[in-house]
Amino acid sequence: MNIKELVSQMTLEEKAGLCSGADFWHTKAVERLGIPASMVSDGPHGLRKQDEKVDHLGVNDSIKAVCFPAASATAASFDRGLLKRMCEAIGDSCQHEKLSVVLGPAVNIKRSPLCGRNFEYFSEDPYLAGELSAAFIQGVQSRNVGTSIKHFAANSQEHRRMSSSSDVDERTLREIYFPAFETAVKKAQPWTVMCSYNRINGTYASENHWLLTEVLRDEWGFEGYVMSDWGAVADRAAGIAAGLDLEMPSSGGFNDKKIVKAVQEGKLDESLVDLACERILNIVFRYTENARPDTPWDKEAQHLLAAEVEGDSMVLLKNEDNILPLSKEECVAFIGEFAERPRYQGGGSSHINSFKVTGAVAAAEGLPVIYAQGYSAASDSASEEQIAEAVAAAKKAKVAVVFAGLPDVYESEGYDRTHMRMPECQNRLICAVAEANPNTVVVLHNGSPVEMPWIGKVKAVLEAYLGGQAVGLAEVRVLYGDVNPSGHLPETFPCRLEDNPSYLFYGGEGDHAAYAEGVFVGYRYYDRKKADVLFPFGHGLSYTTFDFSNLRLSADAITDQETLTATVTVTNTGACAGKCVVQLYVGDEESSVFRPVRELKGFEKIALAPGESKDVSFTLDKRSFAFWNSEIHDWYVETGKFNIEVGRSSRDIAACSSVTVTSTAKVPHHYDENSIFMDILADPHAAEIFKPLLDGMRSALIPEKEEASDAARDAISEEMNLAMFNYMPLRTIISFAGDKADPDMLRHLLEAVNKG
Ligand code: BGC
């Protein structure tokens with residue numbers, strides 16, 4: 001298919017028309033030219049394919065489908081292969097349902113536990129989010145169906161989401177909010193990207209040329225089409241010029257007319273409309289030419305896959321006295337409505353019409369389990385009778401397991417949470433049950449961290465997140481030890497909401513949300529502050545134990561053009577088989593910019609039989625050591641020593657080594673008469689030119705110890721003198737260096753320095 005040729009046959013009106021949807025979910029057909037319509041659908045963790053009565057917020061029904069665990073859960077698997085397998089299944093169902101693109105993955109960074117959509121997002125860490133997004137995309141696209149990575153970019157709140165400007169500095173965008181998209185584009189080339197609702201530093205994402213063209217396409221090499229989030233278009237012609245190809249949903253033809261008018265009035269270059277059409281048609285035909293509607297969709301098999309994915313994603317947060325796994329012989333009380341009717345997905349556009357749901361009570365059939373409802377999620381209440389019944393059940397059982405979490409209304413697309421608390425009635429229930437039976441376990445169903453005022457009263461906590469329609473099956477397997485838990489937290493659980501680094505600014509003032517904590521998001525902040533947290537990033541227990549030994553590096557020193565291999569030996573030192581997540585962090589020992597203590601730069605999940613050992617290797621490259629240098633607008637490694645840490649969480653480092661990395665890049669400095677001595681002396685080139693003059697001046701200003709009078713020595717120490725000298729600007733040479741310097745001389749020296 002020659003797409004350029006096809007576009008050249010289209011009228012301006014047809015081309016403008018192709019740049020917006022036909023309705024909520026379809027691109028337009030141009031029958032006279034044989035251009036078919038194509039359908040897109042939410043996403044991300046299953047299909048929400050709507051037919052006749054359409055809306056995009058999940059109010060109307062969609063087809064019966066399989067709801068896999070949400071990204072909050074799958075991120076905890078730290079398992080690229082697992083994500084890929086899950087998404088191959090999603091790709092198969094898209095083929096079956098004749099969908100060209102599934103709208104996901106959703107990869108925005110979890111800046112605050114309050115974001116209403118955190119359940120749909122992967123992590124507070126950009127490396128983890130990027131790796132898992134790439135795996136997601138590779139999985140779906142292996143089936144010749146597209147993905148739409150979203151929401152590009154800096155869309156980390158729901159509050160005023162369609163008008164708010166995320167005000168973020170360049171380095172923070174590059175280090176925190178962009179990499180998940182960048183990695184996905186570079187590693188997995190998503191067929192489409194969805195731009196976000198918000199503005200970035202004042203400009204809507206949907207009309208941001210820097211974002212959609214310079215960064216996304218010119219720098220990262222994105223080849224597909226950009227579509228708008230549903231209703232994200234403000235100025236359509238500006239969008240075309242910026243690189244927004246497809247507006248969704250249909251604008252009823254109004255914006256198509258605006259495109260035509262802008263071209264006719266000479267305000268928009270028609271070649272840009274052609275380009276948008278080419279990009280859209282490339283994808284439309286890539287799908288149609290590879291459509292396989294005869295692909296079977298085995299929902300029962302996918303239900304089991306959903307259980308497997310969730311089983312490897314659940315995070316065992318606490319397990320005092322090895323209370324878990326449970327014995328299949330002893331009576332266990334399942335308490336709480338979520339044991340019977342689990343909360344397993346979030347509200348809004350990702351809401352899936354599950355073809356079946358398995359709760360823990362049903363999954364435990366045949367086991368000695370008794371059940372008490374404990375609370376009612378819909379009314380967010382627990383009657384005295386419900387609590388009494390729960391307490392009685394807890395007393396009868398060897399172990400009481402409370403299935404708790406957040407009811408639907410607590411977190412959803414479209415609005416943010418206002419606090420991090422669980423429902424008061426559930427907290428009361430947990431305390432009452434724990435009082436009745438010291439062997440109390442809590443299983444949590446939530447998309448984002450919660451405060452746990454009862455943490456000291458219960459023996460174990462299992463975080464299920466929003467675990468998909470087979471969550472109960474996975475829970476029973478993990479609780480009884482058929483599956484050994486191997487999930488790790490993809491985010492920090494702070495002790496209190498107030499501890500979160502964005503707490504003072506989250507949500508913003510009016511339409512400006514200042515991302516004032518900069519790169520210190522999540523553990524990057526808590527670790528730098530040495531702050532107490534409830535559970536750290538990367539934390540997760542197992543029914544076995546793993547030992548890390550013999551961390552070795554391929555070199556002691558490298559340049560930033562070379563790679564480094566770090567290898568560690570991991571041994572299963574416990575009694576049962578299990579999966580271990582090995583996390584590798586890098587930290588710069590000393591830096592001229594503020595940097596986190598450590599940043600995740602590698603992870604692997606490996607399976608080990610009891611007593612078995614395996615070597616795990618990581619390859620680190622320039623990006624593993626670099627920060628975004630806003631002076632040169634590029635990644636930059638500052639020469640020096642870097643710590644390489646391997647561990648089980650950001651707070652449980654088991655082995656550490658270091659490497660010296662030497663920069664091969666030059667940061668060109670420009671000096672003027674206000675540049676200070678310290679900076680001049682730290683730059684070898686500038687120091688060489690200025691040193692004789694500065695040395696002379698220093699000795700004139702700072703007398704040698706022996707020469708100074710007693711009074712002068714008492715009044716001012718050498719350190720104070722030196723500090724004052726260091727911070728003096730070059731222009732003071734004229735006043736302080738006597739007849740050794742004059743303005744002309746300073747100008748000549750500066751010219752010589754700046755010439756390089
Ligand atoms: C959401 C997107 C979603 C779209 C279509 C929007 O409200 O932000 O994530 O894909 O609707 O349903």
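Along the sequence shown, residues are numbered consecutively beginning with 1. What you see is a predicted model, and the numbers here were worked out from it, not measured in a lab. Counting starts at 1 for both ligands and their atoms, following the listed order.
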Q: Please confirm whether F24 comes under 4.0 Å of ligand 1, counting heavy atoms of the residue only.
A: no

(Q) Could you check, using the six-membered ring where one of them is a Trp, whether F537 and Y523 have ring centers closer than 6.0 angstrom? (A) yes

Q.
Taking a cutoff of less than 4.0 Å between a non-hydrogen atom of the residue and any ligand atom, is R117 in contact with ligand 1?
A. yes

**Q.** Candidate list E517, E124, E158, E491, test salt bridge (Lys or Arg N to Asp or Glu O under 4.0 Å), partner R111, passing option
**A.** E517

Q. Looking at K150, which atoms of ligand 1 are within less than 4.0 Å of one of its heavy atoms?
A. 2 (C), 3 (C), 9 (O), 10 (O)

Q. What part of R161, side chain from CB on, backbone N/CA/C/O, both or neither, has a heavy atom under 4.0 Å from ligand 1?
A. side chain

(Q) Would you say that more than 12 heavy atoms from the other residues, nucleotides or ligands in this model lie under 6.0 Å from the CD of E289, or not? (A) yes

**Q.** Cationic N near anionic O, under 4.0 Å, R199 to E207
**A.** no

Q: Could you pull out, from E413, E158, H351, the option with a heavy atom nearest to atom 7 (O) of ligand 1?
A: E413

(Q) Can you give me the closest heavy-atom contact between M1 and L6, atom names plus distance? (A) SD-CD2, 4.1 Å

(Q) Within the structure, is a non-hydrogen atom of R48 found at a distance of less than 4.0 Å from ligand 1? (A) yes

Q | D380 and Y410: side chain donor to acceptor below 3.5 Å | A | yes

Q.
Which option wins on minimum heavy-atom distance to atom 3 (C) of ligand 1: V40, D42, L103, V102?
A. D42

(Q) Please determine whether a side-chain nitrogen of the Lys or Arg among E170 and R174 lies less than 4.0 Å from a carboxylate oxygen of the Asp or Glu. (A) no

Q. Quick one: which ligand 1 atoms are inside 4.0 Å of a heavy atom on W25?
A. 5 (C), 12 (O)

Q: Please identify which atoms of ligand 1 are closer than 4.0 Å to at least one heavy atom of M194.
A: 10 (O)

**Q.** Proximal atoms of ligand 1 relative to S349 (non-hydrogen, under 4.0 Å)
**A.** 1 (C), 2 (C), 3 (C), 9 (O), 11 (O), 12 (O)

